[in-house]
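Data block below; observations after.
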Amino acid sequence: GECATEAVPLDWDDPAGREVEIVLRKVLARSGAPKLQVWLLSGGPGESGKVIEDYVFRLRELDRDLEILVPSFRGTEGRTLFDCESLHRFSGWVEADDAANAAACSRMLASEWGHGMRLFSTTSDARDVAALAHRARVAGVPVFAYGVGYGGVRAQRLLQIAPDAWSGIILDSVMDS
């Protein structure tokens, strides 16, 4: 597959302002000419598209005419990665300093992003994916959003933000918001 970064506005209501970077993985149709495009939305929240790569390649084997695109959620990869050194030590077990480390991370991110922190949201993500899908659209090819886990919430928000952009959505491992 291919991996690219795409710039989108931090604030879709101020498209000329600061930008964020979205990592977009693209697995081309084996036939060379897609007859179906699926945008695979990972869960989390806060998971990057990397976590479902194995799933992508299994899905690809089902249809040689299937093109799969996997956009990462804002802040999970690339230059706009929310990365806090204090959280790298998190073991998965709750420890005494975890709350302090999370608070330190929050302060660091707030100093970098200010009020823009509120724009790392499901709604902004839906606007990002809708714009990227518009850019990647192939004339005459149906486009589906496929949400896995929290990705189902992402897909439902996509349908609210840009209902005419999708031929349909598929909800797998459904979660409600």
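Since the structure is predicted, the reported quantities are computational estimates derived from the model, not experimental observations. All values below come from the heavy atoms of this structure, side chains included, with hydrogens, waters and symmetry mates left out. Starting from 1, each residue takes its place in the sequence as its number.
- Minimum interatomic distance between S72 and I22 (heavy atoms only, all atoms of both residues): O-CG2, 3.4 Å.
- Taking 4.5 Å as the limit, every side-chain heavy atom of P9 sits out of range of all side-chain heavy atoms of E19.
- Using the six-membered ring where Trp is involved, F120 and F82 have ring planes that are tilted, between 30° and 60° apart.
- The nearest pair of heavy atoms linking T122 to F73 is N-CZ, 4.0 Å.
- Other residues, nucleotides and ligands contribute only 12 or fewer heavy atoms inside 6.0 Å of the CZ atom of R79.
- Judged by distance alone, the side chain of R137 and the main-chain N or O of A165 form a donor-acceptor pair under 3.5 Å.
- Remark: K26 does not engage E2 in a salt bridge, criterion side-chain N to carboxylate O under 4.0 Å.
- I161 and V129 fall into different hydrophobic clusters, defined by Ile, Leu, Val, Met, Phe, Trp and Tyr side-chain heavy atoms under 4.5 Å apart, directly or through other members.
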Output, in order, the C-alpha distance, side-chain angles, deciding distance and verdict of side-chain hydrogen bond (donor to acceptor under 3.5 Å, both in side chains) for Y150 and S42.
CA-CA 7 Å; Y150 180 75; S42 62; over 6 Å; no
Using the rule given for side-chain contact (heavy atoms from CB on, under 4.5 Å), can you reason through E67 versus L36, listing the C-alpha separation, both sets of side-chain angles and the distance that settles it, and then say yes or no?
CA-CA 6 Å; E67 180 173 88; L36 178 65; over 6 Å; no
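- The line from CE of M117 to OG of S111 is 9.5 Å long, rounded to the nearest 0.5 Å.
- When hydrophobic clusters are built by joining Ile, Leu, Val, Met, Phe, Trp and Tyr residues whose side-chain heavy atoms come closer than 4.5 Å, directly or via intermediates, V20 is grouped together with L158.
- Comment: R107 does not engage E112 in a salt bridge, judged by the lack of any side-chain N to carboxylate O separation of less than 4.0 angstrom.
- Not a single donor-acceptor pair under 3.5 Å links the side chain of T5 to the backbone N or O of V23.
- For the atom pair CD1 (I169) and CZ (F144), the distance works out to 10.5 Å, reported to the nearest 0.5 Å.
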Walk me through it: do W39 and V143 pass the test side-chain contact (heavy atoms from CB on, under 4.5 Å)?
CA-CA 8 Å; W39 287 73; V143 181; 3.7 Å; yes
Audit row: Q37, V138, side-chain contact (heavy atoms from CB on, under 4.5 Å) steps and yes/no
CA-CA 8 Å; Q37 194 179 70; V138 178; 4.3 Å; yes
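- Here the shortest heavy-atom pairing between W12 and A131 reads CH2-CB, 3.4 Å.
- Here the shortest heavy-atom pairing between G78 and E21 reads CA-OE2, 3.0 Å.
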Evaluate the criterion side-chain contact (heavy atoms from CB on, under 4.5 Å) for residue pair V148 and L41; output intermediate values, then yes/no.
CA-CA 6 Å; V148 179; L41 307 173; over 6 Å; no
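- Of all heavy-atom pairs between S31 and D65, the closest is OG-OD1, 2.7 Å.
- A cation-pi contact, defined as under 6.0 Å to the ring centre and within 45° of the axis, is absent between R118 and W113.
- Ionic pairing of E6 and R135 is present here: one or more N-O contacts between side-chain nitrogen and carboxylate oxygen are shorter than 4.0 angstrom.
- Ion pairing between R74 and D128 holds under the 4.0 Å rule for side-chain N and carboxylate O.
- L62 and V141 fall into different hydrophobic clusters, where Ile, Leu, Val, Met, Phe, Trp and Tyr side chains are chained together by heavy-atom contacts under 4.5 Å.
- Taken together through direct or relayed side-chain contacts under 4.5 Å among Ile, Leu, Val, Met, Phe, Trp and Tyr, L28 and L69 form parts of separate hydrophobic clusters.
- L10 and M108 end up in the same hydrophobic cluster when Ile, Leu, Val, Met, Phe, Trp and Tyr side chains are linked at under 4.5 Å.
- Nearest heavy-atom pair across A130 and W166 is CA-CZ2, 4.3 Å.
- You'll find the side chain of L66 reaches within 4.5 Å of the side chain of V38, heavy atoms only.
- The distance from the CZ atom of R154 to the OG1 atom of T123 is 12.5 Å, given to the nearest 0.5 Å.
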